[in-house]
J.: 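Mind looking over this structure? Questions follow.
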Protein chains: 2
Amino acid sequence: MDNIKDLNTDENPDKSTEKLILKAAKDVFHRKGLAGARMQEIADEAGLNKAMLHYYFRTKDKLFEAIFSEECCGFFDKLADLINVDLPLLEKIEHFVENYTELLLKNSYIPAFIISEMHHNPEKIKHMFIDRIFSVKYKFLGDITTAVSLGLIKPVDPRQLIVNIIALCIFPIAARPMLTLMLEFNDKEYLDFIETRKKEVAKFIINSIKIN
Amino acid sequence: MDNIKDLNTDENPDKSTEKLILKAAKDVFHRKGLAGARMQEIADEAGLNKAMLHYYFRTKDKLFEAIFSEECCGFFDKLADLINVDLPLLEKIEHFVENYTELLLKNSYIPAFIISEMHHNPEKIKHMFIDRIFSVKYKFLGDITTAVSLGLIKPVDPRQLIVNIIALCIFPIAARPMLTLMLEFNDKEYLDFIETRKKEVAKFIINSIKIN
DNA sequence: GTCTATATAGGGATAGAC
DNA sequence: GTCTATCCCTATATAGAC
């Protein structure tokens with residue numbers, strides 16, 4: 001019995017050191033990006049010293065990798081669950097917009113982070129979700145193609161519709177600082193605005209594609 | 001007559017040194033972001049040495065500022081032109097989507113850049129466009145509010161509609177690497193897809209808000 | 001496992017020759 | 001204006017005591 005690293009003898013009884021590091025690193029990487037993040041800042045935010053970060057994760061790159069591969073996997077798994085739900089297309093879109101927006105709100109740093117790091121280090125983060133992205137895409141494409149061929153919705157390019165749906169959900173989360181500036185929101189107003197979108201965006205999409 | 005800096009005696013007869021630096025810096029900042037960009041890389045790409053960058057722009061921050069304040073101003077000025085065009089709302093939206101998409105394509109690095117740097121250094125880049133953003137917003141808000149009150153379109157929250165329009169235009173440009181990965185595009189396929197969107201997105205929006 | 005102290009490199013910035 | 005050489009701080013990473 002030599003592996004008792006979760007003894008938690010310090011002042012954070014319910015959080016192991018590793019968890020503290022991961023939490024702090026997540027926040028700092030989110031705020032500053034990979035290149036802008038400083039190991040010192042992560043250590044400070046975790047209430048530890050730099051040496052501990054290296055003890056647990058060896059390098060900054062490995063720490064980054066550990067966090068975001070897990071975050072991205074979890075995020076895309078939940079996304080897949082939303083797409084695989086068994087509903088007619090219009091109800092599925094309604095369900096998707098509402099729950100995807102909720103998921104994005106709970107992981108509000110992920111969209112801007114992926115957009116940003118995909119531009120700066122595409123090769124470094126592609127592999128975090130490339131395996132999971134295709135099943136989501138094919139399921140969604142199939143649903144739309146079927147609905148079109150059954151005459152349930154207007155004829156549309158399924159790829160364009162998917163991009164429209166995703167754009168309407170992701171953009172207001174990814175561009176929060178810009179939206180907040182432009183529409184002069186405080187935090188509450190912003191969150192209310194997004195809450196309203198859960199219903200409004202679904203209506204906006206369905207109005208556009210439904211057969212009159 | 002001691003100011004003859006545009007003599008262009010070197011192998012780039014039509015580009016001053018300052019222009020070479022700005023061009024290289026723009027590309028590198030775009031690829032790597034402010035924090036990830038290296039003065040050495042900019043110098044290499046411009047075919048010069050680091051000392052020249054400091055000679056012309058003193059610091060990395062000032063070089064960054066010089067490029068993106070100009071880029072952002074130009075971008076938002078053109079955006080304002082699109083909003084101020086004198087057309088009925090539905091035609092204006094059609095005109096806007098087509099021309100804004102074209103503008104975004106020509107400045108394809110700006111959306112992801114603004115999203116990314118607004119998260120990492122909001123205070124550093126807000127001032128680049130804060131003065132220009134409001135006139136655009138109020139004009140657009142006014143147009144939509146008028147159209148709603150005249151019964152020309154369905155009743156909608158003008159702010160939600162604006163965010164929808166912008167999201168549909170910006171997202172596919174900002175998230176190009178993600179889209180390319182997900183839809184397995186090569187460069188030509190991606191550009192064709194965006195070209196198609198110029199018409200499709202306008203139809204998508206108008207279908208949703210027009211009175212039947 | 002956790003800390004302090006330190007090695008080493010990288011990168012922004014400057015000095016000074018031409 | 002342009003270059004080479006160098007300064008010096010910052011940041012990642014490691015060594016070693018406890």
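Residue numbers start from 1 in every chain, and the chains themselves are labelled A, B, ... in the order their sequence lines are given, proteins ahead of strands.
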J.: In whole angstrom, give the distance that lies between atom CD1 of I21(B) and atom P of dG1(D).
T.: 11 Å
J.: With a cut-off of 3.5 Å and sequence neighbours excluded, list every side-chain donor-acceptor pair involving residues 71-82 of chain A.
T.:
{"residue": "E71(A)", "atom": "OE1", "partner": "Y109(A)", "partner atom": "OH", "Å": "2.5"}
{"residue": "D77(A)", "atom": "OD1", "partner": "R132(A)", "partner atom": "NH1", "Å": "2.6"}
{"residue": "D77(A)", "atom": "OD2", "partner": "R132(A)", "partner atom": "NH1", "Å": "2.9"}

J.: Could you work out, with ring-ring contact (aromatic ring centres under 6.0 Å, His included) as the rule, every residue matching F140(A), not counting sequence neighbours?
T.: F96(A)
J.: Return the set of residues passing salt bridge (Lys or Arg N to Asp or Glu O under 4.0 Å) with D187(B) (not counting sequence neighbours), or none when no residue passes.
T.: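 Partners of D187(B) under the salt bridge (Lys or Arg N to Asp or Glu O under 4.0 Å) test: R176(B).
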J.: Looking at residues at least two apart in the chain, or sitting in another chain, which of them share a salt bridge (Lys or Arg N to Asp or Glu O under 4.0 Å) with K92(A)?
T.: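 For K92(A) the salt bridge (Lys or Arg N to Asp or Glu O under 4.0 Å) partners, ignoring immediate neighbours, are D143(A).
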J.: Rounded to the nearest Å, what distance is computed from the CD atom of residue E18(A) to the P atom of nucleotide dT2(C)?
T.: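 Atom-to-atom, E18(A) to dT2(C), this comes out as 11 Å.
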J.: How would you summarise protein contacts on nucleotides 4-18 of chain D per nucleotide, using B for base, S for sugar-phosphate only and - for none, with heavy-atom distances below 4.0 Å?
T.: B------SBBB----
J.: In whole Å, I'd like the distance from the CG atom of L53(A) to the C1' atom of dC3(C).
T.: 13 Å
J.: For the residue pair Q160(B) / N164(B), report whether a side-chain donor-acceptor contact shorter than 3.5 Å exists.
T.: no
J.: Can you name the residues that form a salt bridge (Lys or Arg N to Asp or Glu O under 4.0 Å) with K188(A), not counting sequence neighbours?
T.: D192(A)
J.: To the nearest Å, give me how far apart CG (L48(A)) and P (dT4(C)) are.
T.: 11 Å
J.: Without decimals, in angstroms, what is the distance between M52(B) CE and dA13(C) P?
T.: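 Distance check: M52(B) CE to dA13(C) P gives 16 Å.
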